[in-house]
Amino acid sequence: MKMHELQAEILRLKKETNTAILAHSYQAREIVEIADFTGDSYKLSVDAKSVDADNILFCGVHFMAETAKMLSPQKRVFLANGLAGCPMAEQMDADLIGQLKAQEPDRTVVAYINTTASLKTVCDVCVTSSSALKIVENLESNKILFIPDCNLGDFVKRNFPDKDIKLLQGGCPVHASVTVHDVEKAKSAHPDALVLVHPECVPAVVERADYVGSTSGIMNYAIKSENKEFIIGTELSIAEHLQYECPDKKFYPLSKKIVCPNMKLTTLPDVYNSLKGINNGEAFEILMSDELIINARKCIDEMIRLGG
Ligand code: 13P
Ligand code: SF4
């Protein structure tokens with residue numbers, strides 16, 4: 001089947017099964033094109049709450065579909081490729097964080113949304129890369145334990161030098177692979193380009209950027225900017241999407257190493273097969289106990305309250 005024929009079939013099945021497709025911006029172009037909602041992890045969390053359909057099919061990684069399930073527990077939520085996980089989400093376990101919390105009960109545990117639902121049950125509030133600064137600013141407490149990404153944590157810490165922010169060693173292996181040398185090389189190849197990076201990159205890379213923000217933040221900045229050239233310091237897909245959105249501008253990937261193998265797992269045939277499998281048990285459904293949903297959702301509700 002040709003790609004556009006598969007896309008047409010997906011649009012038909014979506015209607016037939018009353019399913020909304022949520023796709024993270026790191027998904028392939030052909031998936032973004034047939035999605036009902038696209039964006040960064042904060043936007044998709046808010047969208048998941050307002051979806052008007054019986055089912056949600058999530059194209060992204062496991063913790064994102066889990067978040068959608070927590071925010072829309074009455075809906076059936078499916079992940080288009082059940083093998084797509086985020087390694088950062090698995091880096092810290094709930095028992096360890098629970099112990100640290102018991103040692104310092106007055107320290108607010110702020111969790112990047114890239115965490116499992118079970119870890120979220122012991123955290124006080126979630127943040128995403130686009131909402132972290134606003135949420136930390138709005139927190140009453142000045143004593144914070146920020147997990148798991150020490151690079152995003154460092155970015156937050158630099159913005160709030162008066163807050164006592166403790167970090168642990170965790171992070172995204174894909175973004176952390178970018179080096180200062182990559183930045184210098186890209187800048188010397190494209191001296192007129194602005195450097196836009198995701199805060200999951202290491203501090204020395206973030207320091208050299210003209211703009212630091214989430215995937216949606218980077219896209220919006222480039223779309224609105226008067227500048228014509230940009231070096232994009234996040235997953236390769238973002239430079240490609242931007243090139244479609246702004247054909248009169250030029251986008252260069254900061255490094256060809258920034259490819260997320262998990263985000264890249266989902267294919268258009270996965271989306272098609274998931275829609276076909278929704279009513280016969282073959283699609284990958286996110287199943288969570290009511291207790292887990294109630295306990296893990298608190299810190300997501302708190303994120304939306306403080307970030308709204
Ligand atoms: P965003 O919050 O920017 O969507 O980031 C999610 C993510 O996994 C980035 O690697
Ligand atoms: Fe996880 Fe990094 Fe992939 Fe984002 S890019 S999903 S943080 S591994």
Side-chain angles (χ1 to χ4, degrees), residues 40-42 45 61 63-64 66-67 70 85-178 197-207 209 211-218 233-234 295-308:
D40 66 6
S41 45
Y42 186 81
S45 305
V61 289
F63 79 83
M64 295 179 177
E66 232 178 27
T67 304
M70 288 187 256
C86 166
M88 172 165 22
E90 315 278 339
Q91 278 166 352
M92 275 159 210
D93 89 358
D95 288 347
L96 169 77
I97 302 305
Q99 282 165 26
L100 294 176
K101 233 179 127 168
Q103 283 164 18
E104 283 189 283
D106 59 337
R107 199 174 277 281
T108 301
V109 181
V110 177
Y112 192 20
I113 199 160
N114 298 38
T115 40
T116 59
S118 88
L119 183 54
K120 285 183 176 86
T121 62
V122 295
C123 298
D124 299 305
V125 59
C126 271
V127 297
T128 64
S129 51
S130 59
S131 60
L133 295 182
K134 186 170 182 191
I135 289 169
V136 169
E137 184 175 24
N138 287 342
L139 281 179
E140 276 173 31
S141 163
N142 277 339
K143 279 185 83 176
I144 290 164
L145 171 64
F146 190 100
I147 59 162
D149 188 352
C150 61
N151 294 327
L152 176 62
D154 181 87
F155 176 65
V156 172
K157 209 173 149 113
R158 283 172 193 236
N159 276 275
F160 299 106
D162 296 337
K163 294 201 184 226
D164 168 8
I165 304 179
K166 204 167 167 178
L167 308 176
L168 297 180
Q169 279 304 314
C172 165
V174 177
H175 285 83
S177 69
V178 184
V197 311
H198 198 280
E200 287 174 11
C201 292
V202 298
V205 167
V206 167
E207 262 170 32
Y211 172 81
V212 184
S214 72
T215 51
S216 296
I218 289 175
T234 191
N295 291 329
R297 185 185 157 143
K298 286 181 203 150
C299 63
I300 298 173
D301 285 338
E302 193 58 358
M303 168 183 87
I304 294 174
R305 187 181 74 79
L306 292 169

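Quick caveat: nothing in here was measured; it's all calculated off a predicted structure.
- Side chain of Lys163 to backbone of Val136: a donor-acceptor contact under 3.5 angstrom is found.
- Side chains of Pro203 and Arg158 form a contact here, defined as non-hydrogen atoms less than 4.5 Å apart.
- For the atom pair OG1 (Thr234) and NE2 (His198), the distance works out to 5.0 Å, reported to the nearest 0.5 Å.
- When every heavy atom of Lys134 is checked against every heavy atom of Gly307, the shortest pair comes out as NZ-O, 3.3 Å.
- When all heavy atoms of Glu200 and Cys172 are compared, the pair lying nearest together is OE1-CB, 3.2 Å.
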inquiry  = What verdict does the side chain to side chain contact (heavy atoms under 4.5 Å, CB included) test give for Ile97 and Leu119, after you've listed the backbone C-alpha separation in whole Å, the side-chain angles of each residue and the deciding distance to 0.1 Å?
reply    = CA-CA 8 Å; Ile97 302 305; Leu119 183 54; 3.6 Å; yes
key: side chain to side chain contact (heavy atoms under 4.5 Å, CB included) between Ile135 and Val110, worked out   = CA-CA 9 Å; Ile135 289 169; Val110 177; 5.7 Å; no
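- Taking CG of Leu167 as the start and CD1 of Ile147 as the end, the distance is 11.0 Å to the nearest 0.5 Å.
- Put simply, the side chain of Lys143 never gets that close to the backbone of Asp106: no donor and acceptor are under 3.5 Å apart.
- Listed here is the closest heavy atom pair of Val61 and Gly85: CG1-O, 3.6 Å.
- Taking each heavy atom of Pro199 and Ser214 in turn, the nearest pair found is CD-N, 4.4 Å.
- For the pair Lys120 and Glu66, the salt-bridge criterion is not met [side-chain N within less than 4.0 Å of a carboxylate O].
- Considering all non-hydrogen atoms of both residues, Ser45 and Thr67 come closest at OG-CG2, 3.8 Å.
- Contact detail for Tyr112 and Pro148: the closest heavy-atom pair is CB-CD, 3.7 Å.
- A donor-acceptor pair is defined here as one N or O able to donate and one able to accept, closer than 3.5 Å; such a pair exists between the side chain of Arg107 and the backbone of Asp164.
- In this structure a side-chain-to-backbone donor-acceptor pair under 3.5 Å is present from Asn138 to Leu306.
- For Arg305, the salt bridge (Lys or Arg N to Asp or Glu O under 4.0 Å) partners are Glu302, not counting sequence neighbours.
- The closest donor-acceptor contact from the side chain of Asp124 to the backbone of Val109 lies under 3.5 Å.
- Distance CG/Asp149 to NE2/His175: 9.5 Å, rounded to 0.5 Å.
- A donor-acceptor contact shorter than 3.5 Å links the side chain of Lys101 to the backbone of Val122.
- Expressed to the nearest 0.5 Å, how far CG of Leu100 lies from CG of Leu145 amounts to 6.0 Å.
- Here the side chains of Ile144 and Leu139 are in contact, with some heavy-atom distance below 4.5 Å.
- With contacts defined as side-chain heavy-atom distances shorter than 4.5 Å, the pair Pro173/Pro87 qualifies.
- A distance-only check finds no donor-acceptor pair linking the side chain of Thr128 to the backbone of Ser41 [under 3.5 Å].
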message = As a quick check of understanding, evaluate side chain to side chain contact (heavy atoms under 4.5 Å, CB included) for Phe146 and Asp154, giving each step before the final call.
response = CA-CA 9 Å; Phe146 190 100; Asp154 181 87; over 6 Å; no
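- A donor-acceptor pair is defined here as one N or O able to donate and one able to accept, closer than 3.5 Å; no such pair exists between the side chain of Gln91 and the backbone of Gly170.
- Listed by chain and residue number, Arg297 satisfy the salt bridge (Lys or Arg N to Asp or Glu O under 4.0 Å) test with Asp301 (two or more places apart in sequence, or in another chain).
- Atom-to-atom distance recorded for Phe63:CZ and Thr115:OG1 is 7.5 Å, nearest 0.5 angstrom.
- A distance-only check finds no donor-acceptor pair linking the side chain of Ser131 to the backbone of Val127 [under 3.5 Å].
- To the nearest 0.5 Å, atoms OH (Tyr42) and CD1 (Ile113) are separated by 9.5 Å.
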